[in-house]
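Residue numbers start at 1 and run along the sequence shown.
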Amino acid sequence: MGFFKDFKAFLMKGDIINLATAVIVATAFGSIVKSFTDDILMPPIGLALNGVDFTELKIILQEAQPEQVVNGETIAAVPAVSINYGNFIQLILNFVIIGFCIFLLLRVYARTKEKEKESPQPASPPGPSAQEQLLMEIRDALKAKQ
C-alpha cells in the first residue's frame with residue numbers, strides 16, 4: 001500500500017498537475033496552429049507555386065514496381081523509395097509559426113508584467129507637518145514631566 005500512496009502523492013503534486021495542464025493546452029494550441037498553417041497560410045503559398053502541395057514534394061529514388069507474373073510466379077509489388085522533403089518543409093513551417101506565436105504571447109505577458117511594475121504604487125500618507133511634529137514633541141515633553 002505504501003507504493004500506491006507514494007505514487008498518488010507524486011501524481012497530485014502541483015508540478016505534475018501544472019505540467020499535465022500545459023501539455024493539454026499545448027496540444028490544443030498545436031492543433032490551432034496546424035489548422036492555421038494548413039488551411040489559411042499554405043493554400044496561397046501553394047497557389048503562388050502553381051498549386052504545389054508541400055507535403056507531396058519528394059525525390060523518387062526508385063520507382064514503384066507493380067505486382068508481376070513471370071513464368072507463372074507472382075512477384076510482389078515493390079513500393080517506391082523516395083525522400084519526402086515536402087513534409088519536412090511543412091513541419092519546419094509549422095514549428096516556426098508555433099514558435100512565433102509563443103514568442104508573441106510571451107512578449108505580451110512580459111510587457112504586462114513590466115506595466116504592473118511601472119504602475120504608480122498608492123502614495124503613502126504624508127508624514128506630520130512641522131507644526132504637528134512640534135505639538136507632538138511638546139506633548140511628549142509634558143508626559144515626561146508628569
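A 6.0 Å sphere centred on CZ of Arg139 holds more than 12 heavy atoms belonging to other residues, nucleotides or ligands. Atom CD of Gln131 is surrounded by 12 or fewer heavy atoms from other residues, nucleotides or ligands within 6.0 Å.
In the hydrophobic cluster analysis, where Ile, Leu, Val, Met, Phe, Trp and Tyr join through side-chain heavy atoms closer than 4.5 angstrom, Phe36 is grouped apart from Leu104. Using a 4.5 Å cut-off between side-chain heavy atoms of Ile, Leu, Val, Met, Phe, Trp and Tyr, with links allowed through other members, Phe29 and Leu91 fall into different hydrophobic clusters.
Here the CD1 atom belonging to Ile32 is positioned 13.5 Å from the CD1 atom belonging to Ile97, to the nearest 0.5 angstrom. Atoms CZ and CZ, on Phe103 and Arg107 in that order, are 5.0 Å from each other to the nearest 0.5 Å. In this structure, CZ on Phe95 lies 14.0 Å from CZ on Phe100, to the nearest 0.5 angstrom. In this structure, CD on Glu137 lies 12.5 Å from CD on Glu132, to the nearest 0.5 angstrom.
Take Lys113 and apply the salt bridge (charged side-chain N to carboxylate O under 4.0 Å, His left out) test, not counting sequence neighbours, and it matches Glu116. For Pro43, there are no side-chain contact (heavy atoms from CB on, under 4.5 Å) partners, not counting sequence neighbours.
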Only pairs under 3.5 Å count here: list side-chain donor-acceptor contacts from residues 68-88, not counting sequence neighbours, and write none if there are none.
| residue | atom | partner | partner atom | Å |
| --- | --- | --- | --- | --- |
| Ser82 | OG | Asn84 | OD1 | 3.0 |

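Without hydrogens or angle criteria, Thr27 side chain to Val23 main chain gives a donor-acceptor distance under 3.5 Å.
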